[in-house]
Structure formats: C-alpha cells, structure tokens
Amino acid sequence: MGVGAGLWLVASIAAACGGAPASAPPEAAAPAPAATPWFREQAAAAGLAFAHTNGASGRLFYPEILPPGVALFDADGDGDLDVFVPQGQPLAAAADARLAPAGARLYRNDLQVAADGTRMLRFTDITDGSGLAGPGYGLGVAAGDVDNDGRVDLYVTGFDGSRLYRNTGHGTFTDITAASGAGNPGGFAVSAAFVDIDRDGWLDLYVANNVSYRTSNATVCPGPAGAPDYCPPQIYGGLPDRLYRNLGRGRFRDVTTSALRGLTPRPGLGVSTADFDGDGWSDIVVANDGEPDFLWLNQRDGTLREGGLPAGLALTGEGKAEASMGVDAGDFDNDGDEDVIVTELTGQGTNLFVNDGTAHFRDVSAASGIGGRSLAHTGWGTAWFDYDNDGWLDVLAVNGTIIAQEGRRGRTFPYDQQKLLFRNLANGRFEDVTAAAGPAFALSESGRGAAFGDLDNDGDVDVVIGNNSGPMQLLVNDTGADRHWLGLRLTGRDGRDMLGARVAVERPGQPTLWRRARADGSYGSANDPRVHAGLGDSAVAPTVRVRWPDGAEESWPAVAIDTWTTLTQGTGR
C-alpha cells in the first residue's frame, strides 16, 4: 500500500469510528438555531423526486463511491434554472437488468410567482423526449454553450467515456459525442469545465480524468476493522487529464499533448477555472485525490504550464499532498483576486489558500478556522457563495466518508455525514454556523455533488445536492433576501453566457466587490452561470465594470439592485 493509500486508510479511521481525529481543536460554542430556518429542504415538495442508485452489488467497484454531480442551467431558455442529474447503473456483468434505474433525469423549473410576490418552486420531470437519458454510468456534468447559439449544452462525464449533448431548444438535446471529438475515449472522469483558454470566443473543454480502472482489475481493500471496503485511487493509478480546443460549431480537437505543459497522470476530481494571476487569461486548478493538485497557468499562446508547486497550491502548508475532492475559486477576502478552497479526507480538513494576486498562495486553513472545524468530515461538493448577502463569500461543503461506518453497516450505503456551513466573519476567519442553519443541515447523507444558484430568482443562492445512493436535496435559501443584492446575466452578442467574465461592483466609500461568471467549481457539478453579489444594507445602485473574456472592458452606471439584469457585451461604456 502506497503513501496515498495509507493516508486514505488512516485518516478514515476516525470517520469509521464516528469521531474526529485526536488532533481536532476543542469545539467552540455553536450558534443557537435561528428562529426561522435559513434553509429549507424542499426537494420532494418541489417535485425533485430523484433517488440516486450507485449500482452497488457488494463487489465494491470503485466508481460506486464517486457520483453524482448536479447541473443547474437554463435548459429551455425561459429565464430560470432547471436541474439535471446523472444516474448510475449496476456494474456487475451478472446484475439483474430489472434492477437498473431509469437513467439520468432532467427537471424543468416551473416557478410560480403569486400576485403578492410569493414564489413557489415546482419542477416537472421532462426527461422523456429530452434526449438526455443516455446510456452509461453517469458521474458528473459540465454546462456551457459550445456552438454559440445562445443555448446551454451539457457534457456528462462517466465511467468509460463521456457524452456531449447539444441543446436543440425547448428542453431537447441531441447526442453529438461522436461528431464533436470530445468523448474522452478510454477516460474515467467526474469533473470537467468549459473555459475559453485562447480567448477566441469559443468555449474549450478541460476534462479531469481519475484512475485507470476497469471492473476487470477491481480490487477490494480492508477497512479499519478489517472488513472489505473500497480501495483508494493509488491502488489503480491516475489517468492523464485532457484538454479539447473548440473549433466551432460543436467540433473539438484533443490538444492535450501540445497544450498541457507538465502533465502527469494523477487522479483528478474537482475542477475550477479563474484568472489567478490577474493577466486577463483564464487559468485552471484541479483537485487531485491523494497527489499534488494542479495549477494550470495560461501562457497566452494556447498552452498552459503546470505551476502548482511553486505557486504554493499543490501541497498544504506542511508540504503534504492530501485527498482533494471538491474545489472552488472566489475572492473571499474582497481584495480583488481569486482564492481557493479545497475539500479533503477525514483527518485532513478543508484547505483554504489565499492568493497574493500573482498566483502565489498561502495556506491559511488553520488560521481561518475552517481547517480544524472540518477535520471530522470527508468533503466533496463545495463553493464560495454569499448565503446571507452581506457582501462576503461564505462556504458550504457536502460530506460523506469513503470507509463504511461500522455502527451503520445495516444501512443501504453507510457512508453518510452531515453538511457544513461556514460564515465569513470579514476578518480572515470563518464561523461554523451549521447548527444554526436549520433542520436541513441535521440530515446525514453521502453527499457528493453540490450545485449553487438562485432557483427561485429571489436574489439569494439556493443549493441542490446529489447524494450517493440516496435522494436529491434542495436547500431553499430563506435568509439572503433580507438584504440587498445585485444579480447579473452576462451575455455575448450571440446570447451565450460569457463564462470567465469578471465583474467589479463599485459603490462610493465601500470596497469593490469582484465576482465572476462561471459554471464550474464544486465537484462534478455545474453552477448558475449568472453573477450574484450580496450588497448588505447598501441600497445604492452600483457602477458595474465588466472585464470580458476577450480582454475588453465596459462599465454600466447605476445598475438596478434587487432584481436580475442582463448586460450584453458591446452595450456598455
């Protein structure tokens, strides 16, 4: 067993025993529960009646522990976010076909707004006839307009290849995998991201491959108590990631060999894109499981150079490679650059890296308070989001172990843990407010993907969670609407969402807020591509300055607050 495998086993003992590692700091006094829950779990009530099946047959096939991701995107172009989730299936050759689940699901958002402004989320399953219930073992999803027709397309990652679906309008899709050239043949990916690497106006595609695994080389490893359990990725070895350049009209070319300088096979999981060094070109960070994380720095010539180690992002401040799963970039300290959060294995704690503005990072996990408070959890989906609209980015992480908990082996999938919610205190530190967030945070599930977005268009960020071998969860935010907010959809002249655009929100006498249009981040999931910024108690209509992905810059004065506004490139100053 290698070093990574040993870390997987040793760090999981605490989770299997139901407690935190001995090095965990003393518990701080938890905030009292709010009189009104900040978040309400509404999946079943809203019509998101999805239950994930990982196909577990008792043979402990490695892909079973990874899914599912979730996508929030406007499938039908009606202005609100719909929901897509991939589905698993039995991997055992002799499995009874009757036990196979119905496949991936697409839910249309039929938001109802009453005369008094009351909003009610209602979802309708429109999978039949959509073209999205494709074959294969689905793991994650990425969303982006690959052909610049103003409609959002989907890339569904999976075990043994991935699939690209072109949006043909009104909630229907066509599988263009073969013609696109972006199918990741022989690959095994969970997360992917659409990003315009060369600033040519077409979204390229980065695919983070995981391990060299087939059911024919499946191995079973002992858990802490000696019982058979899933093996860590180092048993199988990593696969090289892939970069596909968009040639236009839904066609891609694999440019991995020429474009990714310094690529080595590592077990990739989460992917996030942002301009980390402030040069106006998008970079990429990849969370690798048990091995150094990647930081791909854009060389502005169609290539990217791997620079995670000298940047201080590949390893922890102690020089350790940890079991990274989820990752997201955001300006949590409001200093104008993109910082990074990475979820890790039980006993390691979530890592927070602060950026100095030149893509050099410092590990502040312990000082921030997030590292210690997350030691007892194995984190997956995560994101920077301002849940209370106070102008400071907070953190949510969904969790679930990878070693069965001995006291819960009678459950269908005994790998569950509770979620964590951290509030930004605006001084570099975070407070664990999980207990105050409401009963939805007391639920224990095997969380994996988490997608963040304003599903009811009321100005605060909601969360949809994909649970492994369990029901989907919808956390409706009921606290952010108490403060002011700015909501922007940034589009090109062709109508597509301008992923990678950066936004400066400027108000007299207050710090500039920097946000970006993105769909990537978290784990195997696609987020709301619109830009959301909490404004706290400020009712001033701000000036908005946009740096578009091609380098152009425009501004709009006095943009309306507390509503969603579309800004189109070429219409500002």
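- Looking only at distances, a side-chain donor or acceptor of Asn148 sits under 3.5 Å from a matching main-chain atom of Gly201.
- No donor-acceptor pair under 3.5 Å is formed between the side chain of Thr343 and the backbone N or O of Thr350.
- Counting only N and O atoms by type, the side chains of Gln418 and Thr434 include no donor and acceptor under 3.5 Å apart.
- The nearest pair of heavy atoms linking Pro68 to Pro86 is CB-O, 3.9 Å.
- Asp74 and Arg151 are not joined by a salt bridge, as no carboxylate oxygen comes within less than 4.0 angstrom of a charged side-chain nitrogen.
- A donor-acceptor pair under 3.5 Å links the side-chain atoms of Ser180 to the main chain of Ile176, judged by distance alone.
- Between Phe430 and Phe332, the ring planes lie tilted relative to each other; the angle falls in the 30° to 60° range.
- A salt bridge links Arg163 to Asp175: one of the charged nitrogens lies within less than 4.0 Å of a carboxylate oxygen.
- Defined by atom type and a distance below 3.5 Å, a donor-acceptor pair is missing between the side-chain atoms of Asp462 and Asn477.
- The shortest distance between side-chain heavy atoms of Leu474 and Phe123 falls below 4.5 Å.
- Residues Asp82 and Tyr107 bring no donor and acceptor atom of their side chains to less than 3.5 Å of each other.
- In this structure a side-chain-to-backbone donor-acceptor pair under 3.5 Å is missing from Ser282 to Val195.
- Between Leu499 and Asp196 the shortest side-chain heavy-atom distance does not fall below 4.5 Å.
- Residues Tyr165 and Asp153 are not in side-chain contact: their nearest non-hydrogen atoms beyond the backbone lie 4.5 Å or more apart.
- Donor-acceptor pairing under 3.5 Å is lacking for the side chains of His170 and Asp76.
- Between Asp78 and Asp80, the shortest heavy-atom contact is OD1-OD1, 2.8 Å.
- Side-chain atoms of Ser446 and Asp416 form no donor-acceptor pair, as typed in the model, at a separation below 3.5 Å.
- Side-chain contact between Asp454 and Asp528 is present, with at least one heavy-atom pair separated by less than 4.5 Å.
- Remark: the backbone N or O of Asp394 is not paired with any side-chain donor or acceptor of Trp384 at under 3.5 angstrom.
- Asn351 places no side-chain N or O within donor-acceptor distance of the main-chain N or O of Val342, the cut-off being under 3.5 Å.
- Remark: the backbone N or O of Thr53 is paired with a side-chain donor or acceptor of Gln87 at under 3.5 angstrom.
- Ring geometry, Tyr244 versus Phe252: the interplanar angle exceeds 60°, so the pair is classed perpendicular (tilted spans 30 to 60°).
- Taking both residues in full, the closest heavy atoms of Phe188 and Val211 are given as CD2-O, 3.3 Å, listed atom of the first, atom of the second, then distance.
- A 4.5 Å side-chain heavy-atom check between Glu41 and Leu475 finds at least one atom pair inside the cut-off.
- Between Ala192 and Thr157 the shortest heavy-atom distance is CB-CG2, 4.1 Å.
- For the pair Tyr387 (side chain) and Trp38 (backbone), a donor-acceptor distance under 3.5 Å is absent.
- Proximity of Arg489 to Pro529: side-chain heavy atoms (C-beta onward) are nowhere separated by under 4.5 Å.
- In this structure, the side chain of Asp386 does not engage the main chain of Leu393 through any donor-acceptor pair within 3.5 Å.
- Residues Arg493 and Gln569 meet the side-chain proximity criterion, which asks for heavy atoms closer than 4.5 Å.
- Sorted by first and then second residue, the salt bridge (Lys or Arg N to Asp or Glu O under 4.0 Å) pairs with a member in residues 118-131 read Arg105-Asp125; sequence neighbours excluded.
- Taking both residues in full, the closest heavy atoms of Arg251 and Ala179 are given as CG-O, 4.3 Å, listed atom of the first, atom of the second, then distance.
- Side-chain N/O atoms of Asp460 and His532 include no donor and acceptor closer than 3.5 Å.
- A cation-pi geometry, defined here as NZ or CZ lying under 6.0 Å from the six-membered ring centre and within 45° of its normal, holds between Arg530 and Trp564.
- Inter-residue side-chain proximity for Trp485 and Ile561 is flagged as unmet; no heavy-atom pair is nearer than 4.5 Å.
- Closest heavy-atom contact between Tyr62 and Tyr213: N-OH, 3.2 Å.
- Between Glu338 and Arg516, at least one side-chain N (NZ, or NE/NH1/NH2) sits under 4.0 Å from a carboxylate O, which counts as a salt bridge.
- Electrostatic pairing of Arg515 and Asp331 does not count as a salt bridge here, judged by no charged N lying under 4.0 Å from a carboxylate O.
- Looking at Thr378 and Thr346, their side chains do bring a donor and an acceptor atom within 3.5 Å of each other.
- In this structure, a donor-acceptor pair under 3.5 Å is absent between the side chains of Asp482 and Asn389.
- Under the 3.5 Å distance criterion, with hydrogens and angles disregarded, a donor-acceptor pair is assigned to the side chains of Thr273 and Asp520.
- In this structure, the side chain to side chain donor-acceptor pair (under 3.5 Å) partners of Asp388, at least two apart in sequence or on a different chain, are Arg423.
- Arg483 has no carboxylate O lying under 4.0 Å from a charged side-chain N of Asp390, or vice versa, which leaves the two without a salt bridge.
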